[in-house]
Amino acid sequence: MVINSFRLDKKFDAKKNSELLIKFTNKFLSTQHMTTNLKIISDKINIPNDILQRECKHYLQYNFDNKTGKYNSSFLYLNAIKDFFRFIFFFIWIIFFSKKNNTEKVYDLIVDDLDHENSIKTFKELDKYFSQVLLITTLKKFDKKNNFLFVDKYKNLNFKIGFKFCYDYFLYIPLKILYLSLKSQNNLFGINLHIFRIYFKYSSIFKNNKSKYLLQERYYRSSSLKNYLFKYYGGKNTFITQRVLGIYSSFGMFVNCDYFLSLGKKTADIICNQDSEIKKITPIGSLSIYQNYFNSPIRSDEIPSYDLLDLESRMANTNDVYDTFWNDWYIKFSWLAKLSALNPNLNIAIKIRPEHKTAMENINIKNALKNSNVKIIDGSEYGFKFNTYHYAFKAKSLCTWISTLGCEMIGHGKKCFYINPNLKNTSYKNFAVLDKFTIHNYQSFEKKILDEINDPNKNFKDYQKDDYCVESSNVFEELSKQIKNTL
């Protein structure tokens with residue numbers, strides 16, 4: 001089975017392609033060559049085979065290109081010769097920069113995978129609820145600061161080096177992987193290097209830093225092997241908070257943790273339907289809305305108000321999960337322009353992130369909005385004093401294409417409509433919680449937006465806000481309570 005021969009037909013809907021991708025992943029990992037490969041690794045590092053298999057699923061998903069519907073070229077077996085030396089170099093690197101460390105520290109909570117200052121600022125809130133919190137980050141500015149662990153490109157790892165280590169990792173294992181790669185016509189070095197990177201990094205971290213609880217924010221970067229190692233070195237429970245909604249054939253496949261702390265009661269449904277391994281789901285609300293709204297108070301009369309605010313998403317190839325995805329997205333902009341032309345008195349704006357300003361230079365978007373009164377705002381117009389949540393709570397009506405912020409707003413009493421022309425966007429197929437707020441034609445779009453502007457209490461009184469997002473003004477208190485109550 002050659003992995004680069006696999007290709008999804010993007011004419012199928014995203015949910016069906018998700019099922020096909022999961023089926024192929026499981027079949028590929030059960031082939032004789034992969035079974036042999038994983039047994040070799042399992043025997044050498046003493047990790048159960050099922051943990052390694054699940055870790056391979058993460059890696060395969062990371063390297064699947066939704067835009068083309070196939071795996072990237074790194075799996076081409078001819079790349080195995082080059083990656084043989086890359087594999088050797090990795091072990092030279094970690095040996096050269098290794099550091100013996102017999103110091104053991106104990107924390108109430110470890111928070112991992114923090115590579116943005118906003119995330120660090122968010123999780124520092126947990127200092128109010130736990131006496132000792134370790135934040136693991138790749139940001140050098142936090143190196144040597146109390147209760148931070150700076151992880152620098154696999155440097156300062158703590159492991160035993162000897163003749164057997166050198167024989168295994170410079171000769172026996174790479175030659176075995178090279179043989180299996182050429183035999184199977186799949187470059188298997190990437191998968192194996194992924195496993196060893198996680199193994200040596202987190203064995204070193206958890207050997208010296210102990211805690212009962214491990215927390216991370218991004219479920220699409222979960223790791224079965226990391227969670228196993230955390231428990232191997234004495235940890236009890238792993239937690240992941242939900243920042244974004246799952247998308248079929250993209251975000252939310254193969255998630256692994258003990259406790260998934262979701263936005264709302266039903267916002268993890270797609271994640272659960274994509275071969276994830278989660279012990280329990282508990283809704284706690286949104287950390288993002290707390291940090292950017294409840295913990296960032298602004299006088300409401302300072303915030304500009306719009307009749308309609310379109311909440312734009314971070315668009316990338318990972319979102320491109322069916323054949324007409326981009327064209328359907330462009331239709332949304334033409335609807336905004338048409339609404340503006342037919343109702344010139346309306347103040348309509350598209351809210352984007354500052355870093356996505358160039359995306360609005362797309363010729364299809366520019367043509368759709370040409371000669372309209374629709375504004376594109378990124379916050380710079382007021383010196384970035386206000387963020388998207390400030391604008392959204394002040395707006396009279398809201399719409400979006402696929403943004404998680406829509407669910408956060410609905411959960412906090414601000415209706416947000418999901419634009420889905422002709423119901424062709426299958427990113428959220430059968431995600432029933434969104435049905436009530438999904439609009440599939442322009443006539444319905446205009447009517448519902450105008451109704452919302454003129455009488456915000458007229459429709460949709462029969463939905464449960466907690467299904468979309470639990471009220472989040474005390475989300476960190478709820479988060480800490482859920483963590484502490486698991487023992």
Side-chain angles (χ1 to χ4, degrees), residues 1-6 21-64 71 74-91 94-95 154 157 159-204 206-207 222-233 253-256 275-277:
M1 179 181 284
V2 179
I3 194 168
N4 281 109
S5 297
F6 175 77
L21 188 56
I22 291 169
K23 183 178 180 181
F24 175 82
T25 301
N26 290 326
K27 189 174 181 181
F28 175 75
L29 292 175
S30 66
T31 59
Q32 181 181 353
H33 297 107
M34 276 306 303
T35 301
T36 301
N37 186 164
L38 293 182
K39 186 178 188 309
I40 292 170
I41 305 307
S42 177
D43 291 344
K44 289 298 177 184
I45 61 177
N46 195 29
I47 301 292
N49 189 72
D50 64 310
I51 300 298
L52 297 179
Q53 274 205 351
R54 290 205 66 85
E55 191 57 48
C56 288
K57 292 180 181 183
H58 300 306
Y59 181 80
L60 291 171
Q61 175 59 21
Y62 299 154
N63 289 277
F64 186 80
Y71 290 95
S74 66
F75 293 101
L76 293 172
Y77 80 101
L78 292 178
N79 289 328
I81 305 298
K82 175 189 68 176
D83 285 351
F84 173 89
F85 295 101
R86 192 162 66 99
F87 185 92
I88 298 295
F89 179 77
F90 170 74
F91 285 96
I94 65 171
I95 290 174
Y154 304 99
L157 301 186
F159 57 95
K160 185 182 293 186
I161 304 168
F163 174 80
K164 189 175 186 310
F165 179 94
C166 293
Y167 171 77
D168 284 343
Y169 293 106
F170 289 107
L171 191 63
Y172 176 75
I173 293 176
L175 287 176
K176 282 287 187 181
I177 297 171
L178 181 62
Y179 170 78
L180 292 169
S181 295
L182 298 177
K183 195 77 173 172
S184 67
Q185 296 189 340
N186 295 292
N187 180 12
L188 303 179
F189 276 101
I191 293 177
N192 285 274
L193 194 52
H194 172 76
I195 289 172
F196 286 124
R197 281 172 171 167
I198 291 176
Y199 175 76
F200 283 101
K201 173 183 176 180
Y202 285 104
S203 291
S204 180
F206 297 139
K207 191 184 301 181
S222 68
S223 168
S224 303
L225 178 53
K226 177 180 73 174
N227 292 341
Y228 175 85
L229 291 169
F230 172 70
K231 293 181 179 181
Y232 179 83
Y233 287 103
M253 301 181 78
F254 313 124
V255 177
N256 177 269
D275 198 15
S276 292
E277 192 173 67

- From CA spacing to verdict: salt bridge (Lys or Arg N to Asp or Glu O under 4.0 Å), D43, K39: CA-CA 6 Å; D43 291 344; K39 186 178 188 309; 3.0 Å; yes
- For F159, look at atom CZ and say whether over 12 heavy atoms of other residues, nucleotides or ligands are found less than 6.0 Å away. yes
Side-chain donor/acceptor of [X] to backbone N/O of [Y], under 3.5 Å:
X    : Y    : result
S30  : K27  : yes
N187 : S74  : yes
D168 : I173 : no
N37  : H33  : no

Under a 4.5 Å cut-off applied to non-hydrogen side-chain atoms, are [X] and [Y] in contact?
X    : Y    : answer
F254 : T25  : yes
Y71  : F6   : yes
F75  : V2   : no
I81  : L178 : yes
K57  : N26  : yes

Minimum heavy-atom distance between [X] and [Y], given as atom pair plus value:
X    : Y    : answer
I3   : N186 : N-OD1, 2.7 Å
Y59  : G190 : OH-CA, 3.3 Å
L225 : I195 : CD2-O, 3.5 Å
S224 : E55  : N-OE1, 3.0 Å
S42  : I47  : OG-O, 2.6 Å
P174 : F84  : CB-CE1, 3.6 Å

- Task: Could you label the plane-to-plane angle of the F24 and F28 rings as parallel, tilted or perpendicular, counting under 30° as parallel and over 60° as perpendicular?
- Result: parallel
- Message: Ring-plane angle category for H58 and Y62, please: parallel below 30°, perpendicular beyond 60°, tilted otherwise.
- Response: parallel
- Do N256 and N227 have side-chain atoms, one donor and one acceptor, less than 3.5 Å apart? yes
- Test ring pair (Phe, Tyr, Trp, His ring centres under 6.0 Å) applied to F189 and Y179, F87, F90, F89, the passing residue: F87
